[in-house]
Protein chains: 2
Amino acid sequence: MTTEANHPVRTTEKSLHLIEKLRELDGARIHVLEDELEMTKGAIHNHLSTLRTHGYVIKEGNEYRLSLKVLTLGGYVRSNYSIYQFGRPKANKLAADTGMLVNLATEEHGQSVYLYQARGEYAVNLDTQVGHRLRLHNIAIGKAILAYLPDERVEAIVDEWGLPTETENTITDRETLFEELESVREQGFATDLEERTEGLCCIAAPIQPGDDILGAISISAPTSRLGDRAFDDDLVGQVKSTANEIALDIKYM
Amino acid sequence: MTTEANHPVRTTEKSLHLIEKLRELDGARIHVLEDELEMTKGAIHNHLSTLRTHGYVIKEGNEYRLSLKVLTLGGYVRSNYSIYQFGRPKANKLAADTGMLVNLATEEHGQSVYLYQARGEYAVNLDTQVGHRLRLHNIAIGKAILAYLPDERVEAIVDEWGLPTETENTITDRETLFEELESVREQGFATDLEERTEGLCCIAAPIQPGDDILGAISISAPTSRLGDRAFDDDLVGQVKSTANEIALDIKYM
DNA sequence: CATAACCGTTTTCAATTCGAAAACAGCGAT
DNA sequence: ATCGCTGTTTTCGAATTGAAAACGGTTATG
């Protein structure tokens, strides 16, 4: 899967590098960018002015930074995902019913991308936010997605992103991963037992209205809370049926 | 306030036009873009391939569309706003306490940009979403912001965006607007009584940790519900004190 | 089933445009 | 008042873009 343009537009690439760098540095002055990128200050100035004219960049004093235009754009893109449109109200309900943190995510470029979060009364505060991208192998949402992708796709994703260790519970070899995915398919849901974050567990179910997997929904909670309540409240059942409802809404929309 | 680059990078502008168009059309094929933009298909192909290499565009069959990379970027930009960082937990609490829809917004380019929404138990479903941009003159959040901007800034914003009618309650002349803003300053909060949307009312308070106004927080509810509960629950007081808490958190962070 | 129409991709090369370098201007510090 | 630092502007040679045409793959049509 090579995505090299065979006739790349170099000028556009320079602008994109500039955008990346502004993000990385949370804004910067021109002479700083001059050191970071291989461009002269005259060129940087031209690019930044152009991006500014079009509303992508804001200048405060001599500091340039990305504007909220990207947030606006991102909102538009997100609103086209049926899993977001139909999943949002269901995620709200699941959060209200369980009191937990509910996540809605899809797959892009072999990563999970968080589309929405709903917070119940006792929702944990996590490092994950809308737009964040995580690897798929060590989170419940990720494994719920991987389980319903073709094997060769999973192989390619593991090739690209690896199986890096995050906690002592992280799955780090392919064989174990494929066994796990098989058991996800048998059970219809995936779990994350402190595989990415110490003390945090998740339960996820796939959202699959047709042949293709569109994403997954999960609940996250501290290990103690999930352990206590998982069976009493049939949390697994709630997550699975929410995922099913979303899938049905999408299928017959 | 002219933001014309005096040496614009035309190639970058072409890519940006392409991005805008993809957003507008929610994705498109090359020959459609050829009709919409003044570019040949060869050029469009080069630009799209370049944007794709860098992850901004996705190709599905022969259809090109914007990827979630912009959502990711937008998330990073948003997380740099202190009003978001500190306002998010407070907005969650206000939503839980009042059961309503809570909005957090800032100003950019003379518009309001929604940074966050928190949903209480009885929150209305609205057309506003994170990232959306609205005019300032006919929403509570907007007037709460305008009231604490310098007069000449307000004038400039009205010059740029006008005071278009949305409902019969919309303020449409400058004099009334400035009177309203004066009363917002006296009272320390702003209201929207069906000025943008029939049947919807809002209460907003400014977030101003220092000399500059950073944004505002509001609650939205159907006219009937707000009317019933506004006085009983001292909703105005709750919104104002939440705004104050956020401002203090930011000031002494 | 053959053929045509259509459309995305590639190639070539002339015209455009970009940006390196240098000069300028504005601000802050000394 | 002067110097130094940086952002902006200008100029013009060099790099790159993209118009046009050819190609090739896919879908529609007779």
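Reminder, nothing fancy here: chain letters follow the sequence lines and each chain counts from 1. Only a predicted model underlies this, so the values are computations on that prediction, with no experimental measurement involved. Heavy-atom basis, side chains included; hydrogens, waters and symmetry copies ignored.
Contacts between residues 25-40 of chain B and DNA chain C, defined by a heavy-atom separation under 4.0 Å, are made by B:R29, B:I30, B:H31.
Looking at B:Q117 and B:T128, their side chains do bring a donor and an acceptor atom within 3.5 Å of each other. Side-chain N/O atoms of B:T170 and B:N138 include no donor and acceptor closer than 3.5 Å.
Aromatic ring centres of A:H54 and B:H17: separated by under 6.0 Å.
An OP1 or OP2 oxygen of C:dT9 is reached within less than 4.0 angstrom by a side-chain nitrogen or oxygen of B:K59. Within the 4.0 Å cut-off from OP1 or OP2 of D:dT16, not a single side-chain nitrogen or oxygen of A:H7 is found. Between B:N6 and D:dT9, a side-chain N or O to OP1/OP2 separation shorter than 4.0 Å is present. Taking 4.0 angstrom as the limit, B:T11 places a side-chain polar atom (N or O) nearer than this to OP1 or OP2 of C:dC18.
We find that CG of A:L18 is positioned 11 Å from P of C:dG19, with the value rounded to whole Å. The nearest whole Å value for the distance from the CD1 atom in B:I44 to the P atom in D:dA20 is 13 Å. Following rounding to the nearest Å, B:H47 (NE2) and C:dT9 (C1') show an atom-to-atom distance of 15 Å. In this structure, CG of A:N62 is placed 10 Å from P of D:dT6, rounded to the nearest angstrom. In this structure, B:N46 atom CG and C:dG8 atom P are separated by 14 Å, rounded to whole Å.
Atom-to-atom distance recorded for B:E20:CD and B:R23:CZ is 5.5 Å, nearest 0.5 angstrom.
Sorted by first then second residue, the salt bridge (Lys or Arg N to Asp or Glu O under 4.0 Å) pairs that include residues 27-36 of chain B, not counting sequence neighbours, are B:K21-B:E36.
Take the nearest nucleotide of DNA chain C for B:R10 and for B:H45: the residue whose nucleotide is more 5' is B:H45.
Rounded to 10°, the helix from C:dC1-D:dG30 to C:dT30-D:dA1 has 40° between the axis fitted to its first five pairs and the one fitted to its last five.
The side chain of A:Y64 lies closest to D:dT8, out of C:dC7, C:dG19, D:dT8. For B:K41, taking side-chain heavy atoms from C-beta onward, the closest of the listed nucleotides D:dT11, C:dC7, D:dT17 is C:dC7.
The shortest heavy-atom contact between A:I30 and A:K41 is CG2-CB, 3.8 Å.
With a 6.0 Å cutoff to the six-membered ring centre and a 45° limit on the axis angle, B:K69 counts as a cation-pi contact of B:Y56.
Residue A:D173 qualifies as enclosed at atom CG: its count of foreign heavy atoms under 6.0 Å is above 12.
Using cut-offs of 30° and 60° on the angle between ring planes, the pair B:Y116 and B:Y84 is perpendicular.
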